[in-house]
Amino acid sequence: MTQSTTSRTWRIGLTGGIGCGKSTVADMLAARGAAVIDADAISRSLTAPGGRAMASIAQTFGPQMVDAQGAMDRQAMRNMVFQN
């Protein structure tokens with residue numbers, strides 16, 4: 001058998017609890033040229049004041065899920081999710 005000279009695209013999912021090193025590993029991969037997609041950063045952007053998800057969140061879950069600055073009220077959402 002001969003080894004192929006074509007390169008492979010790898011998709012790696014980093015998961016784990018708080019403080020387990022996901023960001024450190026993502027930074028190490030990025031330093032080696034990997035494209036990193038940070039789902040947490042995307043989520044924070046979508047739920048920030050003026051974020052694209054805010055109108056749907058307010059419509060679906062009610063205005064109590066929007067804080068005074070116009071962002072998603074994370075504590076209120078957490079309470080609702082874990083109570084239901």
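Quantities reported herein were computed from a predicted structural model and do not represent experimental measurements.
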Donor-acceptor contact below 3.5 Å, side chain T60 vs main chain S56: yes
Do R74 and T47 come within less than 4.5 Å of each other through their side chains, counting heavy atoms only? yes
Provide the closest heavy-atom pair for A26 versus V36 in the form atom of the first, atom of the second, distance. O-CG2, 3.6 Å
Please answer: with hydrophobic residues joined when any side-chain heavy atoms are less than 4.5 Å apart, are I37 and L29 in the same cluster? no
Distance from C20 atom SG to L14 atom CG, nearest 0.5 Å? 8.5 Å
Would you say CD1 of I42 has more than 12 non-hydrogen atoms from neighbouring residues, nucleotides or ligands within 6.0 angstrom? yes
Here the gap from K22 atom NZ to T15 atom OG1, rounded to the nearest 0.5 Å, amounts to 8.0 Å
Would you call D67 and M72 a side-chain contact if the rule is heavy atoms closer than 4.5 Å? no
For D73, the option from Q69, Q75, M77 that meets side-chain contact (heavy atoms from CB on, under 4.5 Å): Q75
Rounded at 0.5 Å granularity, tell me how far CD1 in I57 sits from CG in L46. 8.0 Å
Q64 versus A76, closest heavy-atom pair with distance: O-CB, 3.9 Å
In terms of hydrophobic clusters joined by side-chain contacts under 4.5 Å, are M80 and F82 together? no
